[in-house]
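As a basis for the values below, the full set of heavy atoms in this structure was taken, side chains included, without hydrogen atoms, waters or symmetry mates. We're numbering straight along the sequence, starting at 1.
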Amino acid sequence: MATIKEGTLLWQPDENRKLEANIYQYMTWLEQHKHVNFTAYHSLWKWSVEELELFWESIWEYFDIQADQPYKAVLSSHDMPGAKWFPGATVNYTEHIFRNRDEQKPAIIHSSEIRKTSEITWKLLYKETAALQQTLKNLGVHKGDRVVAYVSNIYESVVAFLATASLGAIWSSASPEFGTQSVIDRFKQIEPKVMVTVDGYRFGGKSFDRLATVENIQAELPTLEATIVIPYLQKNPDCTRLKNTTMWDEAARTNVQAELAYEHVGFNDPLWVLFSSGTTGKPKPIVQSQGGILLEHLKALTFHADLDENSRFFWFTTTGWMMWNFLVGGLLTGSTIILYDGSPGYPDKNMLWKYAERTKMTVFGTSASFITGCMKDEITPGKDFDLSHLQNISSTGSPLPPEGFQWCYDNVKEDLWIASASGGTDVCTAFILGVPILPVYAGELQCRGLGAKIESFNDMAEAQIDEVGELVLTEPFPSMPIYFWNDHDGSRLRDSYFDEFPGTWRHGDYLKVTNRHTCVIYGRSDATINRGGVRIGTSEIYRAVDQVKEVADSLIVDIPDKNGDSFVPLFVVMKDDYELTDDMKQSIRKQIKEQCSPRHVPTAMYKVSDIPKTLNGKKLEIPIKKILMGKTVDKVVNKGSLANPKSLDYFVKFADERLETKIK
């Protein structure tokens, strides 16, 4: 696999592409209505963060936000935490989904390992949302009540969310591959009144019945009054062991004459609860507001993803990842959103590319690991499928290496806008992302998002350019958490984001802002590799290791010792039964030495069968580091949050053997 220099220019939009971009229309509107003129993206961004109130007020006006009561101010203060946006205003998220839609156009295209590809029109989506809203009302759901969902990435899940939000109730979802305790750890914290669930799911060609799990979840949720069951795995599931059930057909299709009524709630009232991965304890219940999410998703998806009613917007996700919420937000722009439930590699790695052809996808949202996996498997989607409709590939979850960018241009499409993005569950958006009027450089994120005052801080809390530092936000942002559930004094929220730099949000990633205003993410700052005082992000190590085609995956940690030095083991998963021979180790060392530095060559290398990951595919760097430093598993890892908990066994044994060797 050939390397490519970070920062290599790969693509530039032509003048027509720029003029057609939604953000260009917004800039024209600003000139006409606000008498501010911008000729370049960076000058627009600078204005958006230096004139924060003017910018977000312009977003309110540009998107014609419907409010039952007007706002008294744009921003109560610039203090973090504690800033309140548009106090006094009352809004409803679902109302903005359904306004001015062509009833006959598809709102959702969906498919799964169980279901064939089909379309849901705006008319049908409205009807079923209105019907389910009536059912939820009949079940006693009111503003502020919690509706939780143990559901697959299927269109019924979208209906359930929209009906919940229409009532001013609070949504929270988990994917059915989450185990019993993981779901209980999440849902029990927020005391739900109603649960929506599937009976099971299919992944990788295998069926997984979940009715026993649902029964156990019900038993641990004393506030639960009703459960709505979506028959997904089976047409007629046996729900006799479940309590107070209503089947989906009865809940969403018996009130078809109902009209949606919108409960207007305070701009800063909760829309949903998202949960952190929970790798080191009970997941954090992150609460975001109806108004903050509404404004941020309209901005990000219209200007940065460039969505409109002609777009077909896909992201490979589950309901347990914030990208599901972001994907559903695509409906705010009038675009058609595309759902898929199942394995991205079943029956083979070409499956999602076939789906892109079949659905005439315009935006293909995925993870960096999926792209690097396609690269390693040497598949050629552009040659094998008709991807003429595809305009954009967006990537998140981890940094997309420069070679991943190049692979897309070589093997998917030459005229392609690639947008690598970085954000997180904490804000339910990306605040470093793409924009269609800027060039694409290998390994770089195109821009800091409008209204997001992102900086790279050094240890003295000074903003720096072209140096790697802590990713921070120095001004409030609408989709920041309004609070953590049951965090009555706000201490848990402050400790999570504001402990390092009081009054400034520390996100926990390493960031470099380049001289041309692009950005590079280097992985989690608390997982950095520090050799001889020279720090490097783990993503740089992984990029180098990925160049060795025989390696399928890897994980590196830095274990400090009492002498001020450190032990840096690299754990690798080999492809196709390859062995980690001395020659192979030498190849890996060479890649790291040449691409990173001689200092960052690992102390030792070990072959493992699997790398521990969260249910959302994030590598467990920090917990593994703590285990290898002698911490017990139960103190650092919540096994229920993992996709592959058995993979921990190797690392526990490794830590024990290392300790025994030290004692001897």
Side-chain angles (χ1 to χ4, degrees), residues 104-129 131-132 149-163 173-178 196-211 213-214 228-239 245-254 256 312-321 323-325 327-328 330-331 335-361 363-366 370 385:
Q104 302 310 314
K105 290 185 69 172
I108 299 173
I109 298 173
H110 65 106
S111 185
S112 74
E113 291 188 22
I114 299 174
R115 295 175 171 176
K116 293 181 179 179
T117 303
S118 58
E119 296 183 353
I120 304 297
T121 63
W122 280 100
K123 182 177 182 179
L124 181 57
L125 180 63
Y126 179 90
K127 277 189 175 182
E128 295 207 358
T129 302
L132 187 64
Y150 188 49
V151 289
S152 301
N153 183 23
I154 52 180
Y155 90 89
E156 291 97 329
S157 304
V158 180
V159 172
F161 160 62
L162 294 178
S173 60
S175 178
E177 63 258 30
F178 282 31
V196 183
T197 184
V198 289
D199 60 321
Y201 69 100
R202 187 169 297 167
F203 188 89
K206 297 179 180 178
S207 295
F208 299 87
D209 189 290
R210 276 294 185 254
L211 289 175
T213 301
V214 174
I228 298 170
V229 180
I230 302 169
Y232 180 49
L233 188 60
Q234 305 173 55
K235 288 184 178 180
N236 297 294
D238 181 4
C239 298
T245 57
T246 302
M247 301 308 290
W248 180 261
D249 274 2
E250 182 184 349
R253 292 172 187 154
T254 56
V256 291
R312 295 193 166 199
F313 177 45
F314 169 77
W315 212 290
F316 183 79
T317 184
T318 71
T319 58
W321 188 22
M323 291 310 303
W324 183 84
N325 304 66
L327 172 61
V328 173
L331 294 171
S335 68
T336 300
I337 63 170
I338 302 175
L339 315 177
Y340 185 78
D341 187 62
S343 168
Y346 179 81
D348 57 51
K349 280 275 177 67
N350 278 314
M351 192 283 300
L352 288 183
W353 300 109
K354 291 178 185 175
Y355 193 44
E357 176 185 61
R358 187 161 67 247
T359 58
K360 295 182 170 56
M361 202 178 284
V363 178
F364 186 111
T366 185
F370 176 78
F385 306 103

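- The side-chain heavy atoms of K349 and P344, taken from C-beta on, include no pair separated by under 4.5 Å.
- N236 CG: 12 or fewer foreign heavy atoms inside a 6.0 Å radius.
- Taken from OG1 in T359 to CD1 in I109, the straight-line distance is 5.5 Å, to the nearest 0.5 Å.
- Closest approach of L233 and D199 over heavy atoms only: N-OD1, 2.9 Å.
- Between F208 and K206, some side-chain heavy-atom pair lies under the 4.5 Å cut-off.
- The backbone N or O of G342 sits nowhere less than 3.5 Å from a side-chain atom of Y201 that would complete a donor-acceptor pair.
- Checking S111 against T117 by side-chain atom types alone, a donor-acceptor pair falls below 3.5 Å.
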(message) Set out, in order, the CA-CA distance, both residues' side-chain angles and the distance that settles side-chain hydrogen bond (donor to acceptor under 3.5 Å, both in side chains) for S112 and Y232, then state yes or no.
(response) CA-CA 10 Å; S112 74; Y232 180 49; 3.0 Å; yes
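- Contact check for V158 versus I108: side-chain heavy atoms found under the 4.5 Å cut-off.
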(request) Take S157 and W324, measure what side chain to side chain contact (heavy atoms under 4.5 Å, CB included) needs, and give me the verdict at the end. (result) CA-CA 10 Å; S157 304; W324 183 84; 3.9 Å; yes
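- F203 CZ to S175 OG: the interatomic distance, rounded to the nearest 0.5 Å, is 9.0 Å.
- Distance check: H110 NE2 to E119 CD gives 9.0 Å after rounding to the nearest 0.5 Å.
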(request) Evaluate side chain to side chain contact (heavy atoms under 4.5 Å, CB included) for I338 paired with M361, printing each intermediate quantity in order. (result) CA-CA 8 Å; I338 302 175; M361 202 178 284; 4.0 Å; yes
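- Closest of all the heavy-atom pairs between G205 and E113 is N-OE1, 2.8 Å.
- Nearest approach of M351 to Y346, heavy atoms of both residues: CG-O, 3.2 Å.
- Residues W315 and F364 place their aromatic rings such that the two centres sit no closer than 6.0 Å.
- For the 3.5 Å distance criterion, the side chains of Y340 and T317 fail to qualify, holding no donor opposite an acceptor.
- Not a single donor-acceptor pair under 3.5 Å links the side chain of R312 to the backbone N or O of S335.
- S152 places no side-chain N or O within donor-acceptor distance of the main-chain N or O of I154, the cut-off being under 3.5 Å.
- Between F313 and L327, the closest heavy-atom pair is O-CD1, 3.4 Å.
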(request) Take R115 and Y155 through the side chain to side chain contact (heavy atoms under 4.5 Å, CB included) test and state the conclusion after the steps. (result) CA-CA 11 Å; R115 295 175 171 176; Y155 90 89; 4.1 Å; yes
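- Between the side chain of D341 and the main chain of N153, a donor-acceptor pair closer than 3.5 Å is present.
- Here the closest heavy-atom approach between residue P176 and residue V151 is recorded as CD-O, 3.0 Å.
- T213 places none of its side-chain heavy atoms less than 4.5 Å from the side chain of F178.
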